[in-house]
Amino acid sequence: MTSDGVPQRTGNNLDPWYANYAERAAGLAASEVRALFAVASRPEVVSLAGGMPYVSALPHELITSSMEKVMRERGAVALQYGSGQGIPELREQILDVMAIEGIHGSVDNVVTATGSQQALDLVAKLFIDPGDVILAESPSYVGALGIFRSYQANVAHVATDEHGLIPEALRQTIAALRGQGRRIKFLYTIPNFHNPAGVTLSAERRPEILEICRSNEILVLEDNPYGLLHFDEPAPNALRSLDPEGVIYLGSFSKTLAPGFRVGWALAPHAIREKLILAAESAILSPSSFSQMVVSEYLATADWRAQIDTFRGVYRERKDAMIEALGEYLPQLNWTNPNGGFYVWVTMPDVLDSKQMLPRAVKELVAYTPGTAFFADGRGRHAMRLSFCYPTPDAIRLGIRRLATVINGELDLLDTFAGTGPLQLPPSAGYDSAPPSDLK
């Protein structure tokens, strides 16, 4: 205890500056996804873990020519500091991209960012005080959970099914939290081709979800990186198209172009837009002018809609390969069958633990993301996320075959020792699978 009554922390042998960190630094921890990249990058491992887009499907000559033209004609501007809000040309083009999903906004309310991940962080920075509650789907995006944790928020998961977020579950969760005197800041949702669950919020539920939030004065944060990557029917129009004043919309070129440019955006109500720009300037001064100009040049010269169609075909083929392989090698499991995006959510028998099983999977040269990565409360042990976006169809089939070796081996071991008494597995913290286990 210091002289002014403040509890004093001490350093340790690994980090002599431990005592100096802010309390919120305790929320910074490596996720399962990040920890997997070092292993999954080994060429002999089939990685069904990370959500890396298949950038080899891009027209590389056109990307190169866009870079060269930017440097040749506007190099001095491209290499200079820019506006904290982003270059006007790109913001105009972003309106064209969002119009596909029914959004009609003003270029003044678009704020470009270093990927939508930064925009998500800026929103959290603006709204979250320690102890606030953020509503999120069950399960939810690991990168968002990390941000909310870093700002010392508590995440309340809301149940989902094959049609996305369940309105009645949202009502009940809000009522329970309000009854406890908790302060809810916003609902974070990925309505289209959800990460990690793969499900899409139905058109019928979208107005109801918005009305629940509107009547309870809860802001909606709509994260939509996958919305244009549908396989058959397009997703319903964006939530933002139904409620411009109650929704902050996050978009990204990481999935429809390339993540290496690190260009995303937020479309926010006017007053929030002003604070987002100030927060962005405080964090990074301005997003990369060069990256924005290259993306803008690409959008102006390429048939980017046709390129998105190409991506859809690539990912549809990979998704079909994964679903077929799961049916062949692991028919006893349950999984979602997404109509777009990158991910399949697999639910295993309750006796299996995807986190504990991962080292054995890596030994069999296949990687996945344990379900626990997508919950703030430790649930998800008998679930896993499989990503089909990057490996070839043949690699996906090989990966699922290897995964089946691991899972079937675990189940055989449990059967062998079933008569010797119950195995002491870690508690599941009352995990209820999401989406439910009867989905195929």
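Position 1 is the first residue of the sequence, and the numbers go up from there.
The backbone N or O of Q85 sits less than 3.5 Å from a side-chain atom of T112, completing a donor-acceptor pair. No side-chain donor-acceptor contact under 3.5 Å links Y249 to the backbone of I103. In terms of modelled atom types and a separation under 3.5 Å, the side chain of E101 and the main chain of A238 share no donor-acceptor contact. H157 places a side-chain N or O within 3.5 Å of a backbone atom of E137 that can act as its donor or acceptor partner. R381 places no side-chain N or O within donor-acceptor distance of the main-chain N or O of Q356, the cut-off being under 3.5 Å. Formation of a donor-acceptor pair under 3.5 Å by the R206 side chain with backbone atoms of L242 is not found in this model. Under the 3.5 Å distance criterion, the side-chain polar atoms of T173 are matched with a main-chain donor or acceptor of A169.
Of all heavy-atom pairs spanning L358 and P370, the tightest one is CD2-CG, 4.0 Å. Closest of all the heavy-atom pairs between G84 and V111 is O-CG1, 4.3 Å. Minimum heavy-atom separation, G251 to S116: O-CB, 3.3 Å. Considering all non-hydrogen atoms of both residues, V46 and A395 come closest at CG1-O, 3.3 Å. The nearest pair of heavy atoms linking T392 to R318 is CA-NH2, 3.8 Å. Contact between T256 and F311 at its shortest, heavy atoms only, is O-CE1, 3.4 Å.
Partners of D243 by salt bridge (Lys or Arg N to Asp or Glu O under 4.0 Å), not counting sequence neighbours, listed by chain and number: R214. With sequence neighbours excluded, no residue forms a side chain to side chain donor-acceptor pair (under 3.5 Å) with S140. Every residue was checked against the side chain to side chain contact (heavy atoms under 4.5 Å, CB included) condition with S289, not counting sequence neighbours, and none meets it. Taking the side chain to side chain donor-acceptor pair (under 3.5 Å) definition, one finds that R183 meets it with D129, D132, sequence neighbours left out. Not a single side chain to side chain donor-acceptor pair (under 3.5 Å) links D108 to another residue, sequence neighbours left out. With sequence neighbours excluded, the residues forming a side chain to side chain donor-acceptor pair (under 3.5 Å) with Q117 are Y141, listed by chain and number. Scored by the side chain to side chain contact (heavy atoms under 4.5 Å, CB included) test, A280 finds L122 as partners (sequence neighbours excluded).
For K319 and N339, the side-chain atoms include no donor-acceptor pair closer than 3.5 Å. With no hydrogens or angles considered, a side-chain donor-acceptor pair links R385 and N195 at under 3.5 Å. Residues E162 and T336 bring no donor and acceptor atom of their side chains to less than 3.5 Å of each other.
Side-chain atoms of V77 and M293, non-hydrogen and from C-beta on, do get closer than 4.5 Å to each other. Counting heavy atoms from C-beta outward, V295 and Q292 have side chains that stay 4.5 Å or more apart. The shortest side-chain heavy-atom distance between H163 and E204 does not fall under the 4.5 Å cut-off. Looking only at side-chain heavy atoms (C-beta outward), I212 and P167 come within less than 4.5 Å of each other.
A salt bridge is absent between E208 and R205; no separation between the charged side-chain nitrogens and carboxylate oxygens falls under 4.0 Å. For the pair E222 and R240, the salt-bridge criterion is not met [side-chain N within less than 4.0 Å of a carboxylate O]. Electrostatic pairing of R74 and E89 counts as a salt bridge here, judged by a charged N lying under 4.0 Å from a carboxylate O.
We find the CG-CD1 distance between L239 and I248 to be 13.0 Å, quoted to the nearest 0.5 Å. Between the CD1 atom in I174 and the CD1 atom in I184 there is a gap of 5.5 Å [rounded to 0.5 Å]. For the atom pair CE (M98) and CG (N237), the distance works out to 13.0 Å, reported to the nearest 0.5 Å. With rounding to the nearest 0.5 angstrom, the CG atom of L257 is 9.0 Å from the CD1 atom of I308. Rounding to the nearest 0.5 Å gives a distance of 10.0 Å between CD1 of I134 and CD1 of I218. Here I277 contributes atom CD1 and S286 contributes atom OG; the two are 12.5 Å apart, rounded to the nearest 0.5 Å.
For residues 263-288, the set of pairs meeting the salt bridge (charged side-chain N to carboxylate O under 4.0 Å, His left out) definition, not counting sequence neighbours, is empty. Within the structure, every pair that satisfies the ring pair (Phe, Tyr, Trp, His ring centres under 6.0 Å) test and touches residues 187-212, not counting sequence neighbours, is listed here: F148-Y188. Among residue pairs with one or both ends in residues 62-90, none qualify as ring pair (Phe, Tyr, Trp, His ring centres under 6.0 Å); sequence neighbours excluded. Sorted by first and then second residue, the pairs that involve residues 265-284 and meet ring pair (Phe, Tyr, Trp, His ring centres under 6.0 Å), not counting sequence neighbours, are F253-W265.
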Between M384 and L403, does the side chain to side chain contact (heavy atoms under 4.5 Å, CB included) criterion hold? Intermediate values first, please. CA-CA 11 Å; M384 63 176 65; L403 182 61; 3.8 Å; yes
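Between Y226 and F342, the angle of the ring planes goes over 60°, which puts this pair in the perpendicular group of the 30/60° scheme.
When each of L267, L219, V123, N109 is tested with I272 by the rule side-chain contact (heavy atoms from CB on, under 4.5 Å), just one qualifies, namely L219. A side-chain hydrogen bond (donor to acceptor under 3.5 Å, both in side chains) with R262 is found for exactly one of S288, S291, S254, namely S254.
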Tabulate below the donor-acceptor pairs under 3.5 Å that side-chain atoms of residues 51-58 make, not counting sequence neighbours, or state none.
none

